[in-house]
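Here is the structure we will look at.
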Number of protein chains: 2
Amino acid sequence: MKLSALNPAGPERRPQLTRERVMAAAIELADREGIESISMRRLAQELGVEAMSLYTHVRSKNDLLDGMADAVISQVPVSAEGAGWKASLRQLSLAARGVMLRHPWAPRIVEAQATPGPAALQYVNGVLGILREGGFSITQTHHALHILGSRLLGFTQALFDDSGDLEPEAAAALASALGASHPYVVEMALAVTHGGALGRCDDDAEFEFALDFLLDGLARMQSG
Amino acid sequence: MKLSALNPAGPERRPQLTRERVMAAAIELADREGIESISMRRLAQELGVEAMSLYTHVRSKNDLLDGMADAVISQVPVSAEGAGWKASLRQLSLAARGVMLRHPWAPRIVEAQATPGPAALQYVNGVLGILREGGFSITQTHHALHILGSRLLGFTQALFDDSGDLEPEAAAALASALGASHPYVVEMALAVTHGGALGRCDDDAEFEFALDFLLDGLARMQSG
DNA sequence: GGACTAATGCGTACGCCGTAAAGATAAGGT
DNA sequence: ACCTTATCTTTACGGCGTACGCATTAGTCC
């Protein structure tokens, strides 16, 4: 059937598929339904197209995921000029964290990327520039990269996720089940829970604290 | 066909399948052929069994992966008594790194774990114990966990992988392709490469340096 | 207009995957 | 001997990534 005959140059023709449109739809779908719901068929359906049509704009599913990762990274503003290396890195890292919080699936695929895409390269170049212009030697800059690690991209792999807020009964159950064998875990879990000594674990504040801890250490490393 | 009739209680009967044997075979297979080659059918074949048989000992593939992660963590010795918190943490972290280097696929699935398994709990309890016994307050211990992050498990997500050793021609190509737009990346890449100012990026040394940087910072935090 | 060319999208098919459901077999307790 | 229970196998379903070949379109030149 000839659509164009029915709708000759009609304005309701769906727009051309492009790599950008594919990436945007994939990111939107991942935001809405989770990264696990990304499949070629599902994504194609989202675009009103058949699965194989995507392969005109994307080499493979891995290429799609790489593209998504790079597109997310490109959302982090890399500017932040003229504020000193410490403030610049701080702002950059927090901005990246904001982006990652909007795309919770992103860290996983960003770190799965084999080779950095254009946006990642641009980003790394920006970070390196801030440090070098800030007076860090090449060796110091190299160390700083390893020290800051993924925090520069706004995320951290914690040893375990302690941001959950236990119900009192769950806390009691945990205490009696693990209390004998894992006293320190129980102590920390209770402290982090709302009833405990600390407030509820505020991930944002904790991220910021750790970031400042690292930046202060780097400042000491540079001057010492 | 009745195997037992042909081989009544014969010693060449394959041993009973158990969760431990399944996990061990899965880890061995992942070490040998990569985590991507782990499928229920492939793993079953490795054990001389049909795919569905595995489900007697494993709830799902996710359960299998969780079990693998926990089994790997359990390989990290959690002892290290009586050496002071700094030396203990250092030793623990380096031991964990040794384990992860033997199972390069492990970090990915360890951090994908939704809830920590028994070995992970034990490990976290050990880390918390070292800090608390070392005189850290609960709050300080909490901060320390976030600061050390995944380094306690022996791995770090770098911003990008700089451990590759470029060939001279590749380095030249990179310099001319990116030199104008990404000068700092090129500078660092050349410095890290064998011909550069730094030696080849030694991941082990770099990990140790970053670890000591963090431990020193924590010592300052505790006393200051 | 008409014909050729290149790009784009579609239909079909193959061999994997995880796992539900039900049958077959073996081991142990009565 | 019989039955229970745990273990392993068979079969099957729906979904996956993607190779391959065809259909349609858009652009370009006569």
Side-chain angles (χ1 to χ4, degrees), chain A residues 1-26 29-30 33-69 105 108-109 112 114, chain B residues 1-26 29-30 33-69 105 108-109 112 114:
Chain A
M1 109 169 55
K2 297 176 189 172
L3 272 180
S4 66
L6 299 173
N7 292 323
E12 64 278 57
R13 295 259 315 281
R14 83 168 98 87
Q16 269 262 71
L17 219 50
T18 65
R19 186 171 228 265
E20 286 66 36
R21 262 174 39 80
V22 170
M23 294 302 171
L29 177 58
E33 310 195 5
I35 189 67
E36 285 168 12
S37 72
I38 295 276
S39 78
M40 299 306 274
R41 291 175 225 257
R42 181 81 175 75
L43 176 57
Q45 167 188 327
E46 208 76 10
L47 286 159
V49 123
E50 298 299 315
M52 290 311 293
S53 303
L54 300 178
Y55 283 86
T56 307
H57 308 280
V58 141
R59 233 181 316 275
S60 66
K61 185 177 181 184
N62 261 326
D63 184 36
L64 171 69
L65 295 177
D66 285 355
M68 292 171 68
W105 44 269
R108 186 189 304 263
I109 73 169
Chain B
M1 107 168 57
K2 297 176 188 171
L3 272 181
S4 66
L6 299 173
N7 292 322
E12 64 279 59
R13 293 257 315 282
R14 83 168 100 86
Q16 269 262 69
L17 219 49
T18 65
R19 187 171 228 265
E20 286 67 37
R21 260 173 42 80
V22 170
M23 294 304 170
L29 177 58
E33 309 195 7
I35 188 67
E36 285 166 14
S37 72
I38 295 278
S39 79
M40 299 306 275
R41 290 175 225 258
R42 181 80 176 75
L43 176 57
Q45 168 189 327
E46 207 76 9
L47 286 158
V49 123
E50 298 300 315
M52 290 310 292
S53 304
L54 301 177
Y55 283 86
T56 306
H57 309 279
V58 141
R59 233 182 314 276
S60 66
K61 184 177 180 183
N62 261 327
D63 184 36
L64 171 69
L65 294 177
D66 284 356
M68 291 171 69
W105 44 269
R108 185 190 304 265
I109 73 169

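Computed from a prediction, not measured in an experiment: that's the story for all the values here. Reminder, nothing fancy here: chain letters follow the sequence lines and each chain counts from 1.
The line from CG of B:L64 to CD1 of B:I109 is 8.0 Å long, rounded to the nearest 0.5 Å. Interatomic distance, A:I38 CD1 to A:L29 CG, rounded to the nearest 0.5 Å: 4.0 Å.
Going from atom CG of B:L54 over to atom P of D:dA6 covers 19 Å, rounded to whole Å. B:Y55 places its OH atom 16 Å from the C1' atom of D:dT7, with the value rounded to the nearest Å. Whole-Å rounding puts the B:H57 NE2 to D:dT9 C1' distance at 13 Å. In this structure, the CE atom of B:M52 is 8 Å from the C1' atom of C:dA21, given to the nearest Å. Rounded to an integer number of Å, the gap from A:E36 CD to C:dG18 P is 14 Å. In this entry the distance linking CD of A:E50 with P of C:dT8 reads 18 Å, nearest Å. Regarding B:L17, its CG atom lies at a distance of 15 Å from the C1' atom of C:dA26, rounded to whole Å. Regarding A:Q45, its CD atom lies at a distance of 14 Å from the C1' atom of D:dC16, rounded to whole Å.
Taking the side chain of A:S39 as heavy atoms from C-beta on, and the options C:dA21, D:dG17, D:dC8, the nearest nucleotide is D:dG17. Closest contact between the side chain of B:S60 and the listed nucleotides D:dT18, D:dG17, C:dT19 involves C:dT19.
The side-chain hydrogen bond (donor to acceptor under 3.5 Å, both in side chains) check on B:R42 picks up B:E33, B:E46, with sequence neighbours excluded.
Under 4.0 Å is where a charged nitrogen must lie from a carboxylate oxygen, and between A:R59 and A:D66 no such pair does.
Between B:R41 and A:T18, the residue anchored nearer the 5' end of DNA chain C, judged by the nucleotide with its closest heavy atom, is A:T18.
Distances shown here put a side-chain N or O of B:Q16 below 4.0 Å from the OP1 or OP2 atom of D:dC8. Residue A:S53 places at least one side-chain N or O closer than 4.0 Å to OP1 or OP2 of C:dC10.
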